Enquirer: 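For reference, the structure I am asking about is given below.
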Amino acid sequence: MAARAGDASLRPNSHPDQDEPRIRVCVRVRCWIAEEKTGDRGGPDVLRCCVEMPRTTSMHIKRGDEPARGFEYDRCFWSFSEDHPLYATQQTLHDEVGCQMIENAVAGFNNCIFAYGQTGSGKSYSVLGGQGEQRGLLPRVVEGLFERFTQLEEGVTVKAVVSFVEIYNEKLRDLLASDETVDSKVKLAVREHPILGIIVPGLTQSVVENCTEVLDLVDYGTSNRRTSATAMNATSSRSHCIFSFKTNLISGDQVKLSQTHLVDLAGSERQKRTQAAGDRLKEGAAINQSLSTLARVISALADSSKKKAANPPFRTSKLTHILKESLCGNSKTVMMAAISPSLADYEETLSTLNFAKSVKQVQTAATANVLSTATLEQALREEVEALKAKVQMAQEQRHDPDQDARLKDMQEKIDKQARYMARMGLTSDKDYEAARSEDTAMAERRRTMVMSGGLPGKALHDDSDDGSWEEWDGQDSESDPDSPDQTRSSSRRSARKSSKTSARSDADAESHPATVLARRAQGSGGEAGCVLQLLGRDSHDSGAQLDAEAVTQKLQQLQELADQVIGVVPEQVDLRPLVVVDAREPARVDVVVRVLAPAAGQAPRLGEEEECARRKTTVVGSRERWLSSEEFQREASSIVAAAEQGGSSGSACTARALVAGGRGGPEAEGLRRELDGVRRELCQVRCRAQAAKAELGLLSAAAGAPAAPGALGLHPAASEVAKGFQEALAALDHARDLVRGVREDGEAIGQRGLWRGHRRRTLEALWNG
Ligand SMILES: Nc1ncnc2c1ncn2[C@@H]1O[C@H](COP(=O)(O)OP(=O)(O)OP(=O)(O)O)[C@@H](O)[C@H]1O
């Protein structure tokens, strides 16, 4: 029987951690950075500090005459000015946070620290840091751990493996992969393993025996990360990255398992602050999507801590799925909220402080993972045996052409499991040595690659441009290999930040979770179909009525879910692209353009032509009516002309002109593209859900006959379909939020345009006496 690491029955010595039943929250204020001092960033408010720290547990933020707002946290770190009595260095952070993580790991607890904050607020500095005294938490924790291992009592064997994964545009990338081991076509995915918890099968797990080996891997992985210059940070991390350190402390027949995650999240700022466009905008959308899922998960978890019903949408983004255990399960977790001291960043800082406040409410349930080696090994072996049995069964029942691929997949899983067991010292010493020498050889290959500048990220980048990804907005930007954010340096830790790689130029609407989930629903619908057909056939022989009813019921549920997914798109999701085009100060015109092209009810046929034909114009503050495309153009031109000529001619001046998208400022253009992307994804969700529904129709027919006893009601393939649909619904919810966000941004731009017009008219009135 498979038993899970979180299963207390496995742990004779396990004891729930009573002292820290929730996520600990720390806040750190950084100092002024070069861009702020030289005036390269922001306006006049940049060098005005808006925060203060009266105590080590409270942070105040204040803007102008507004009353100060106070927040209480577990610990605040003041790294703003060295002359402050509470000034916190990198060592202070390590003493207060890192040392505890080391002790937790040795005691067999899982650990996680995640750094959250806007771009340029000091997340990477806190987690990775620089050299010497500037070293961040990660190198210090690793050093401390290996030092601590030397102090363990005699007879304790330590096995350690590390992994380093990046989430970029909702795709997982193995940062430790060498080009010989990684097949860029194989997609990494997050899985929930019955024994090991959350895992990413296929991710490189390197055996390490000393600190230098780990730090070399950290350097190697960091140099592969995606960064690029934004308006707010010259080397901004455009991805989330998770460094994981797993240890097994084996003593006699007892093993203490621990897993430590150090997470450097991408910046949480709003896109318009980074002036993102093209690929940066797309990255921003993916970052915002995963961070907003994180916020929703935290809010649901906070609710459930208050005994309110909540269902956190962990699976909606890779980030939250990977961190699921750390956010609410068996882990001692710390959030590091990084903030900028600058008044120019007031809004972002306030939002970070508010988010940090909500995280404080989230409860976890850390338990020391102390198992008997025999139990763990047996559980893992049983898992392998179960997989083998599945292979055997599948071989005996060959019934579809994809069977070979599935068998291969299962065999790979078995091999991976065996490799994992070897690396964690759970099988023979010989196996461990084999894994170790495999990893040493791989480390050597990495070194060679670093020296020659041929990092695997390059290969991945090139491979991914094979056209298999759908274009986001039809624009191919930043393909200049010499552009600063495309550079990839082969230098080591000293050049950690500057050597991070640039973002892909290819678009990735296909990888949006809504699309992926819908496809999964479709895929698992296929699997469920095979199962049902098989069982339907068998049922002729057995004829068990009860099971047949269970099957029918299950199918009904699936059918309802499918209907929900399909039904929700045209009715509830507002698919109308709202384009607000901001005037770019043409001579005497203030033009605010709003084009509403209602496409509700036409979701699957959203061609540009159709939209043009049904354009509905809204003259701000004036009237509303339907226009044909030509009428629309005429109307728009005449309003613009009137405004250009007169500047004060009644409604033409007060009402802002509506023009077709062409006159848009960059902000409006960005919004429109973002919305187009969302809309396209929604269409894909809908189409795929329809396909899955059609498949379900076939399934219903297959299930018309009674099914085999005990087999189908809870078949995992069928529940997968249900899960897929449920997640597609959650993705749709999220998409709706996105649409709403885009619309609000649009409104804000419109308001600004109107305000500018008002200001100009006032000035004119003053001027004219
Ligand atoms: N406490 C600090 N002391 C000195 N310098 C700092 C401190 N915190 C941050 N910095 C500097 O501020 C700059 C931005 O920090 P960092 O790159 O860590 O931000 P980030 O939050 O990781 O940004 P992004 O999300 O864009 O990657 C860097 O040059 C970093 O060295």
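Counting convention: from 1, in listed order, for ligands and their atoms alike. For clarity, every value in this text was computed on a predicted model and none was experimentally measured. We use all heavy atoms of the structure for the numbers below, so side chains are in, but hydrogens, waters and symmetry mates are not.
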Enquirer: Do S340 and S342 meet the criterion of a side-chain donor-acceptor pair at a distance under 3.5 Å?
Expert: no
Enquirer: Would you mind reporting whether I113 and V127 have side-chain heavy atoms less than 4.5 Å apart?
Expert: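 Answer no - side chains too far apart.
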Enquirer: Using a strict cut-off of 4.0 Å, indicate which atoms of ligand 1 neighbour a heavy atom of G267.
Expert: 25 (O)
Enquirer: K357 versus K360: any side-chain heavy-atom pair under 4.5 Å?
Expert: no
Enquirer: Counting only heavy atoms, which portion of I33 has something under 4.0 Å from ligand 1: side chain, backbone, both, or neither?
Expert: side chain
Enquirer: Using the salt bridge (Lys or Arg N to Asp or Glu O under 4.0 Å) criterion, which residues pair with R148? Sequence neighbours excluded.
Expert: E103
Enquirer: For atom 19 (O) of ligand 1, which candidate among G122, G130, C241 holds the nearest heavy atom?
Expert: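 When every heavy atom of G122, G130, C241 is considered, G122 comes closest to atom 19 (O) of ligand 1.
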Enquirer: Heavy-atom distance to atom 14 (C) of ligand 1: which of G136, G120, S340 wins?
Expert: G120
Enquirer: Just which atoms of ligand 1 are under 4.0 Å from any heavy atom in R28?
Expert: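 What qualifies from ligand 1 is 1 (N).
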Enquirer: Do S79 and ligand 1 have an N or O pair less than 3.5 Å apart?
Expert: no
Enquirer: With a 4.0 Å cut-off on heavy atoms, is Q90 touching ligand 1?
Expert: no
Enquirer: Have T293 and S290 got a donor and an acceptor in their side chains that come within less than 3.5 Å?
Expert: no
Enquirer: Below 4.0 Å from any atom of ligand 1, is there a heavy atom belonging to S121?
Expert: yes
Enquirer: Using every non-hydrogen atom in the two residues, find where E213 and V208 come nearest and quote the distance to one decimal.
Expert: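 Minimum heavy-atom contact is OE1-CA, 3.2 Å.
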Enquirer: For a quick check under 3.5 Å, do H261 and Q259 share a side-chain donor-acceptor pair by atom type?
Expert: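 The answer is yes; a qualifying pair exists.
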Enquirer: N/O to N/O below 3.5 Å, does that happen between A266 and ligand 1?
Expert: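 There is no such contact.
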Enquirer: For ligand 1, find out whether one of its N or O atoms is nearer than 3.5 Å to an N or O atom of Q134.
Expert: no
Enquirer: Using a 3.5 Å cut-off on N or O atoms only, is Y125 in polar contact with ligand 1?
Expert: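 Between Y125 and ligand 1 (N or O atoms, distance only) the closest approach is under 3.5 Å.
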Enquirer: Heavy-atom contacts with Q118 under 4.0 Å: which atoms of ligand 1 show up? List them by number with element.
Expert: 21 (O)
Enquirer: What atoms in ligand 1 come closer than 4.0 Å to a heavy atom of C31?
Expert: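 That gives atoms 3 (N), 4 (C), 5 (N) of ligand 1.
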Enquirer: Considering only heavy atoms from C-beta outward, does the side chain of N110 approach that of T260 to under 4.5 Å?
Expert: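 A side-chain contact under 4.5 Å is absent here.
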Enquirer: For side chain to side chain donor-acceptor pair (under 3.5 Å), just list the numbers for R28 and S126, CA-CA rounded to whole Å, side-chain angles, deciding distance to a tenth of an Å, and then say yes or no.
Expert: CA-CA 9 Å; R28 185 180 195 185; S126 294; 3.0 Å; yes
Enquirer: Which class fits the ring pair W78 and F80: parallel under 30°, tilted 30 to 60°, perpendicular over 60°?
Expert: perpendicular
Enquirer: Considering the heavy atoms of K123, write down every atom of ligand 1 situated less than 4.0 Å from one of them.
Expert: 18 (O), 19 (O), 20 (P), 21 (O), 22 (O), 23 (O), 24 (P), 25 (O)
Enquirer: Any nitrogen or oxygen of R30, side chain or backbone, less than 3.5 Å from one on ligand 1?
Expert: no
